[in-house]
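The block underneath contains the structure these notes are about, expressed in structure tokens.
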2 protein chains.
Amino acid sequence: MPTLKPRKRPKQQRSRETYDAIVAATTRVLKREGYEKASTNRIAEVAGVSVGSLYQYFPNKQALVIAVVERHSDQLIAMLERTIADLGAAPIPDAVRTFVRAMLAAHALDPQLHRVLVQQVMHIGLEHTRKFDRRAQQLVRAYLEAHADEVLPDDYDTAAFVLCHAVDAVIHMAVLESDASAAKLEDGTLEREICALVLRYLLGSAD
Amino acid sequence: MPTLKPRKRPKQQRSRETYDAIVAATTRVLKREGYEKASTNRIAEVAGVSVGSLYQYFPNKQALVIAVVERHSDQLIAMLERTIADLGAAPIPDAVRTFVRAMLAAHALDPQLHRVLVQQVMHIGLEHTRKFDRRAQQLVRAYLEAHADEVLPDDYDTAAFVLCHAVDAVIHMAVLESDASAAKLEDGTLEREICALVLRYLLGSAD
DNA sequence: TACAAAAGCGAGCGGTCGCTCACATTATAA
DNA sequence: TTATAATGTGAGCGACCGCTCGCTTTTGTA
């Protein structure tokens, strides 16, 4: 297993711009041409930089992709934490609706990139791709524990695991498909149904 | 888009064995070495066959992988249909438990292969990889419609979509992770919790 | 046994890929 | 200004890839 950390840290303004251009180009190429076409030569070309420069800051292709993955999932996590921060006091139905909306918003942030990363890049950095999942589970688990006496499930770990993956997968599949389920994303059908799933699991009724 | 159908149909016993050996070798290499290492030369070598022979029956690498995908998902579908066939009359809690068990069994059939196909091969034949999902949705939809008056959701398409993807994703993630959630697979924790999720969504209570 | 069809072979072609390295250019410090 | 470090360049190496094609071997048929 080769190192994944940058070979060299950008010290001057110029090189910081190069570094950013490379990450941006990787994102662009992944989105527009897919993982298989995303050769390092192609990425360097799109970044307006030589391959040599690329390899000054990234030891290999994997590190390049991981940088993109981390940047993306950090954004998602930040968004989730922002909208969920002060939810501890809210009544459960409100909290669930907010949570589901946050998950929907996360998938809407950059659906194209999200799709490529999940479909084609998952195997590169499993650890990195699932940072978001893990953080979501932590947040849900904490919430469930704080509302232990209002909530049916008593195994919070398992409940958080089940809930997060269920919600994530349903949203993800809806984003992937371009046909009917996209419509259910537009109008509130899917949101309503996911909330019902979660609420009935937690309370036995969807209010 | 190149053709994906075999170039030549095996007519003699000998060639049918070659054909099968190639598909089996593809499966083995995918499982043991992953998609990236699964070159056609390597597959031919493992099959004990020359590359030339391989290309007599498969027009390109994609066709090879699709053959494996279809064989696997046909097995899953057959298994699902067998255990679900005469479930129309069963009370809902029993039916749900049977369905969830069938999904668990499907993922237990060849977890390694399932994992590689979902993680690394999804983008090759989206249409083919999701045959199983689509069939499961059809079956669930039909069941819901037949029990319309006993069940809370009234949009059967959406409900089937949500249920199948939720159940599938939770099981899939549990199979992927090698740590704690594997234990929840062994003892009945996960099965019980997934049943609860589905039952409360359908009935409002898990009985 | 003779012969055509079917099946099997594998060196190697044309191409792409990840990545290196000897060198050129630009910024910083003395 | 000049020495030194930081940054940037791109031709091209070695490895591997998917795939072809001229050829040999095996099989079914007469």
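Letters A, B, ... are given to chains in the order of the sequence lines, protein chains preceding strands, and every chain is numbered from 1.
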Q: For D/dT7, take OP1 and OP2 only and decide whether either is under 4.0 Å from a side-chain N or O of A/Ser15.
A: yes
**Q.** N or O in side chain of A/Ser50 less than 4.0 angstrom from D/dG10 OP1/OP2
**A.** no
Q: With sequence neighbours left out, write down each residue that passes salt bridge (charged side-chain N to carboxylate O under 4.0 Å, His left out) with B/Asp110, or none if nothing qualifies.
A: B/Lys31
Q. Within the structure, does a side-chain N or O atom of A/Thr40 lie under 4.0 Å from either OP1 or OP2 of C/dG18?
A. yes
Q. Taking the nucleotide of DNA chain C with the closest heavy atom to each, which residue, B/Val49 or A/Tyr35, is nearer the 5' end?
A. B/Val49
**Q.** Rounded distance (Å) that lies between atom P of C/dG18 and atom CZ of A/Phe58
**A.** 15 Å
Q: For the side chain of A/Ser39, starting at C-beta, report the closest nucleotide among C/dA6, C/dG18, D/dG10.
A: C/dG18
Q: Assess A/Lys61 against A/Tyr55: is NZ or CZ under 6.0 Å from the centre of the six-membered ring, and within 45 degrees of the ring's axis?
A: no
Q) In whole Å, what is the span from the CG atom of B/Leu54 to the P atom of D/dG18? A) 10 Å
Q) Which residue lies toward the 5' end of DNA chain D, A/Arg16 or A/Asn41, if each is placed at its nearest nucleotide? A) A/Arg16
Q. Closest to the B/Lys61 side chain: C/dA7, C/dT26, D/dG18?
A. D/dG18
Q. A/Gln12 CD to C/dT26 P: how many Å, rounded?
A. 13 Å
(Q) Between B/Glu17 and B/Arg14, does any NZ, NE, NH1 or NH2 come within less than 4.0 Å of an OD or OE carboxylate oxygen? (A) no
**Q.** Length of the line joining B/Gln56:CD and C/dG10:P, which is rounded to integer Å
**A.** 13 Å
(Q) When you measure from the side-chain N and O atoms of B/Tyr55 to the phosphate of C/dG10, is any distance below 4.0 Å, counting only OP1 and OP2? (A) no
Q) Between D/dC19, C/dG8, D/dT9, which nucleotide gets closest to the side-chain atoms of A/Ser53? A) D/dT9
Q: Please tell me which of the listed nucleotides, C/dC9, C/dC19, D/dT27, lies nearest to the side chain of A/Val51?
A: C/dC19
Q. How long is the line joining CD1 of A/Ile22 and C1' of D/dT9, in whole Å?
A. 13 Å
Q) Rounding to a whole Å, what distance do you find between B/Asp20:CG and C/dA7:P? A) 13 Å
(Q) Below the 4.0 Å mark, does D/dG8 have OP1 or OP2 next to a side-chain nitrogen or oxygen of A/Thr18? (A) yes
Mind listing the side-chain donor-acceptor pairs of residues 92-101 of chain B below 3.5 Å, one per line with the distance, residues two or more places apart or on another chain?
residue  : atom : partner  : partner atom : Å
B/Thr98  : OG1  : B/Asp94  : O            : 2.9
B/Arg101 : NE   : B/Glu191 : OE2          : 2.9
B/Arg101 : NH2  : B/Glu191 : OE2          : 3.2

Q | Under 3.5 Å side-chain donor-acceptor pair for A/Thr189 and A/Asp187 | A | yes
Q) Please give, in whole Å, the distance from C/dA6 P to B/Tyr19 OH? A) 18 Å
Q: Tell me which of B/Gln13 and B/Ala38 sits closer to the 5' end of DNA chain D, going by the nucleotide each one is nearest to.
A: B/Ala38
Q: Take the protein atom CZ of A/Arg14 and the nucleotide atom C1' of C/dT28, then report the distance between them rounded to whole Å.
A: 11 Å
